[in-house]
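Below: the structure, in structure tokens.
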Amino acid sequence: MTNSKIQKSTNNNEFEQTPVPKTKLKSWKSFLGMYAGEHAAGTEFTIGPLFLTAGVSAFDLIIGLLIGNLLAVLSWRFLTAEIAVKHRLTLYYQLEKICGKKLVIGYNLANGVLFCFLAGAMITVSATAVGIPFNMEMPKLTDTTPNGITFIIIVLIVGAVISLIASKGYNMVSKAANWMSPLILLAFFACGIVALNQLEVKSFTDFWNIWGEGSKPFPGQIKFTFWHVVIWSWFANAAMHIGMSDLSVFRFAKKASTGWTTAAGMYLGHYIAWIAAALLYAVYLRSPEAQIMLLNGDAPSVAPGPLANNAIGIFGIIAVVLAGWTTANPTIYRAGLAFQAILPKTSTFWVTILAGFIATIAGLFPAFAMKLLDFVALYGFILAPFGAIIVFEHFFHKRAGIIQNYAEVANIKFNKAVFWAWAISFGVFYGISIQFNIFLSFVTLPAWLLCGILFLLFAKKKEKNLS
């Protein structure tokens, strides 16, 4: 490591190409607020109704979410956080040591752009709340392009503010999440309570009967079973935990046990918030407008802003705005780090601004938000196997007899063992998903495992031939 690189990392306090020093490590409280804020977000207002439109039963929902979210927390704790505190490197720099600079450039570009699209969906979500006082026409499920000048202006303003916060680095991202997350969580609790009252729920039996034994899925939706709920909730953030993207976050943690703080996001956000949003949607389904849509064979849907506003008024509007911010902020921050690996001479500030610009442009196209569930599943499936490369090398390199950080040690730019492991695992299981119409999240874990195993085999063979 050259002195110039060390100086560069020290100057901007982000340490993109050096391990985070002990003096810059943060307590578990910084991560608690960030994960609670990021995963109790505007997307929960979109995802929650899925469990009604997909016809899931009460048992499958309540127990399935408990198990699936637990598996996600365990993945963060014993894989992501464990490796992060050992090496204290960003995902992108750690991959470069294994894959080689040329190969990782392609990954970083794809990862950064996909993160920007995800952040763009969050900007759209926030815009649906900001636009309420301006009588903005809300995006519909079928909208793919901007539906008016008011929507465009609001998205641009929201995107600019979010980008500026993210460009200040991890400290600002963490502080923003800690400031906003208590208010967001309070709003979700309030929405759930209001919805229960509107649904006239007087007992646990009444609550259970909202889903009951399940129903037929709404038009255009697939039927969700117990395993759909478990696997979806486990891999909703596959790119972050088994895909190792959150190495970039947990490298600042003092201990691997900080990984347990992700439970705040999973159970306050991906459990309570999803259910609260489903309750709001159950209220909406009783409206004449929704009933007419159902009779016409359409799936009723509303934008997150109006959904929260109808329940708790201006407090709901504020909550949706902040919820979009707390998800988009760390997402743009991660995207900035991906671009930083491609443009190492560019400051973190400017690469994050670049990421924010791309995210804002993506936010102008409602399709990213309206098709969020499909996008998240595909996104995780594409990127998660690269995390298997890091995991399998970290835990099994001695047993497999391969050299750790091979690309760095051998001074190669393109590690073919990594490329072919990913390409084969992706091709095989994506083909299976398409050919047999299998829910994409169901093949994420098999693809991840196959990629890790193939990497060890290919790396062993490559190094043996060179010896």
Test your reading of the model: is there a side-chain donor-acceptor pair from [X] to the backbone of [Y], 3.5 Å cut-off?
X: Ser245; Y: Ala239; value: yes
X: Ser167; Y: Thr352; value: no
X: Arg77; Y: Thr261; value: no
X: Thr262; Y: Gly259; value: yes
X: Glu408; Y: Glu96; value: no
X: Trp420; Y: Phe458; value: no
X: Glu44; Y: His270; value: no
X: Thr124; Y: Gly363; value: yes

Trp350/Ile353 under side-chain contact (heavy atoms from CB on, under 4.5 Å): CA gap, chis, key distance, verdict: CA-CA 5 Å; Trp350 285 113; Ile353 290 295; 4.2 Å; yes

For the student: nearest non-hydrogen atoms of [X] and [Y], plus distance:
X: Thr128; Y: Gly305; value: OG1-N, 3.1 Å
X: Ala308; Y: Gly316; value: CB-O, 3.6 Å
X: Ala362; Y: Cys116; value: CB-O, 4.2 Å
X: Phe339; Y: Val113; value: CZ-N, 4.0 Å
X: Ala238; Y: Thr444; value: CB-CG2, 4.4 Å
X: Ala187; Y: Ala319; value: CB-CB, 3.2 Å

Are any of the side-chain heavy atoms of [X] and [Y] separated by less than 4.5 Å?
X: Phe134; Y: Ile153; value: no
X: Leu454; Y: Trp422; value: no
X: Phe235; Y: Val376; value: no

From CA spacing to verdict: ring-ring contact (aromatic ring centres under 6.0 Å, His included), Phe250, Phe31: CA-CA 8 Å; Phe250 280 118; Phe31 300 88; 5.5 Å; yes

With rounding to the nearest 0.5 angstrom, report the [atom1] to [atom2] distance, [X] to [Y].
X: Ser27; Y: Leu32; atom1: OG; atom2: CG; result: 9.5 Å
X: Arg251; Y: Thr90; atom1: CZ; atom2: OG1; result: 5.5 Å
X: Phe357; Y: Leu156; atom1: CZ; atom2: CG; result: 9.0 Å
X: Ile98; Y: Phe455; atom1: CD1; atom2: CZ; result: 6.0 Å
X: Cys191; Y: Ile275; atom1: SG; atom2: CD1; result: 14.0 Å
X: Leu354; Y: Ser163; atom1: CG; atom2: OG; result: 10.0 Å

CZ (Phe349) with more than 12 external heavy atoms under 6.0 Å: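 Yes, because the 6.0 Å sphere around CZ of Phe349 holds more than 12 heavy atoms from other groups.
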
Any residue meeting ring-ring contact (aromatic ring centres under 6.0 Å, His included) with Phe224, in chain and number order, not counting sequence neighbours: His228, Phe439

Working for side-chain contact (heavy atoms from CB on, under 4.5 Å), residues Ile154 and Met136: CA-CA 9 Å; Ile154 290 175; Met136 184 185 81; 3.9 Å; yes

Stepwise ring-ring contact (aromatic ring centres under 6.0 Å, His included) test for Phe368 and Tyr379: CA-CA 12 Å; Phe368 290 111; Tyr379 166 75; over 10 Å; no

Measure up the [X] and [Y] rings against each other and bin them: parallel (under 30°), tilted (30 to 60°), perpendicular (over 60°).
X: Trp274; Y: Trp232; value: parallel
X: Phe381; Y: Phe426; value: tilted
X: His87; Y: His394; value: perpendicular
X: Tyr92; Y: Tyr107; value: tilted

Selection residues 65-76 - residue pairs positive for side chain to side chain donor-acceptor pair (under 3.5 Å), sequence neighbours left out: Ser75-Trp234, Trp76-Asp246

side-chain contact (heavy atoms from CB on, under 4.5 Å) evaluation trace for Val249 with Tyr35: CA-CA 10 Å; Val249 175; Tyr35 277 100; 4.0 Å; yes

Trace of the side-chain contact (heavy atoms from CB on, under 4.5 Å) decision for Leu247 with Leu89: CA-CA 7 Å; Leu247 290 180; Leu89 299 173; over 6 Å; no

